[in-house]
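The block underneath contains the structure these notes are about, expressed in structure tokens.
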Number of protein chains: 2
Amino acid sequence: MAVQADHALRDAGLRATRQRRTVLAALRDRSDAVTAQDLHGELRAAGEPVGLTTVYRTLTALADADFLDVFVREGEQAFRLCGDQHHHHLVCEVCGKVEELEADQVEQWVREVAGRRGYQVTGHRADIFGVCGECS
Amino acid sequence: MAVQADHALRDAGLRATRQRRTVLAALRDRSDAVTAQDLHGELRAAGEPVGLTTVYRTLTALADADFLDVFVREGEQAFRLCGDQHHHHLVCEVCGKVEELEADQVEQWVREVAGRRGYQVTGHRADIFGVCGECS
DNA sequence: CTGCCGATGAACATCGTTGTCATCTAGTGC
DNA sequence: GCACTAGATGACAACGATGTTCATCGGCAG
Ligand SMILES: [Zn+2]
Ligand SMILES: [Zn+2]
Ligand SMILES: [Zn+2]
Ligand SMILES: [Zn+2]
């Protein structure tokens, strides 16, 4: 697994350091989105010495390399390991769990609207928020 | 028009003050989203004495009352006067113009996905980003 | 007109995030 | 293995957006 992580980091144009492996491993273990500060706290608590600055930089770098999705909530950003193909999200607002979705209907809507209004699409976003079965 | 503004403020449970009328008027004059700081700067430049704190408070209050939509970009939030019924957005990334959209297909997608996965929906978001005809 | 209570705004506090820089280390070439 | 260098780290400072305080002001009901 460390090998896989190294590969992923390599692909992102990053050196495989102990800290980055640690961050990636922590991300693999969760299906919700984490804040840089929270992640830093957890790693520290788990006895993994990683600097806050490094956590920020690693998360940002991985997000730039499209390994992570970024969610903005209450003025801070949370990161989550996400599939590499285009997708949308279904987020539980209670437990924070995130499920990835395909949405052909949305893709079609985007094309239709853009075409009709003469826009050149550069991106779009479509996410659903709710409470999952376990939490309600 | 000052009367209309007063009505809107009343509806939001806010007193109609000179500063709030000024902020509302400034929002009516633009179809893009503004930052609290930018708006504050513009009002100052236009000779309208309004405190930064007040601009923040007014924008937040109006957004809480669903008079404004909030966009988050680059770590800061921008506000825009928006229609009062549910809608989505088509945003030009060059000139900042925002168009409001209906999206039956999206509404249906939301219901379908939530139903199939056993979620109780609390909200959703769907916006398209691109370059408008004039800007390309 | 008066009084009350919400509203204002300057100063200050907070918080997430990014910049700095001396030090360290992964990965390369030998 | 070994030395070298570009990239990475982390304690700390700095920054900008936003929240809070509090003395003062003014909208608006009576
Ligand atoms: Zn849940
Ligand atoms: Zn899509
Ligand atoms: Zn445009
Ligand atoms: Zn909708």
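Nothing here was measured: the structure is a model prediction, and the numbers come from that model. The basis for the numbers below is simple: all heavy atoms, side chains too, and nothing from hydrogens, waters or symmetry mates. In the text below, chain A, chain B and the rest are named by the order of the sequence lines, each starting its count at 1.
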_Closest listed nucleotide, where the reference is the side chain of A/Glu76 and the choices are C/dG9, C/dG16, C/dA7_ = C/dG16

*Have a look at B/Gln37 and say if it touches a base, only the backbone sugar-phosphate, or nothing, with a 4.0 Å heavy-atom cut-off.*
base

*Carboxylate-amine/guanidinium proximity below 4.0 Å for A/Glu42 and A/Arg30*: yes

*asked:* Quick check: any donor-acceptor pair below 3.5 Å linking the side-chain of A/Thr53 to the base of D/dA11?
replied: yes

_Considering every strand and a 4.0 Å limit on heavy-atom distances, what is the contact class for B/Ala36: base, sugar-phosphate, or nothing?_
nothing

_Check this for me: does any side-chain nitrogen of one of A/Glu112 and A/Arg116 sit under 4.0 Å from a carboxylate oxygen of the other?_
yes

*Touch check for B/Arg73, heavy atoms < 4.0 angstrom, all strands: base, sugar-phosphate only, or nothing?*
nothing

*Out of D/dA17, D/dG10, C/dT17, which nucleotide sits closest to the side chain of A/Leu52?*
C/dT17

*Could you check B/Glu100 against B/His88 for side chain to side chain contact (heavy atoms under 4.5 Å, CB included), going step by step and ending with a plain yes or no?*
CA-CA 6 Å; B/Glu100 301 186 7; B/His88 298 273; over 6 Å; no

*No-H, no-angle donor-acceptor pair, B/Arg57 side chain to C/dG9 base, under 3.5 Å*: yes

Please list, pair by pair, any protein nitrogen or oxygen found under 3.5 Å from a nitrogen or oxygen in nucleotides 3-6 of chain C.
from  : atom 1 : to      : atom 2 : distance (Å)
C/dG6 : O4'    : B/Arg15 : NH2    : 3.3

*asked:* Among C/dT17, C/dG9, D/dG10, which nucleotide has an atom closest to any side-chain atom of A/Gln77?
replied: C/dT17

*Should A/Arg80 and A/Asp32 count as an ion pair when the cut-off is N to O under 4.0 Å?*
no

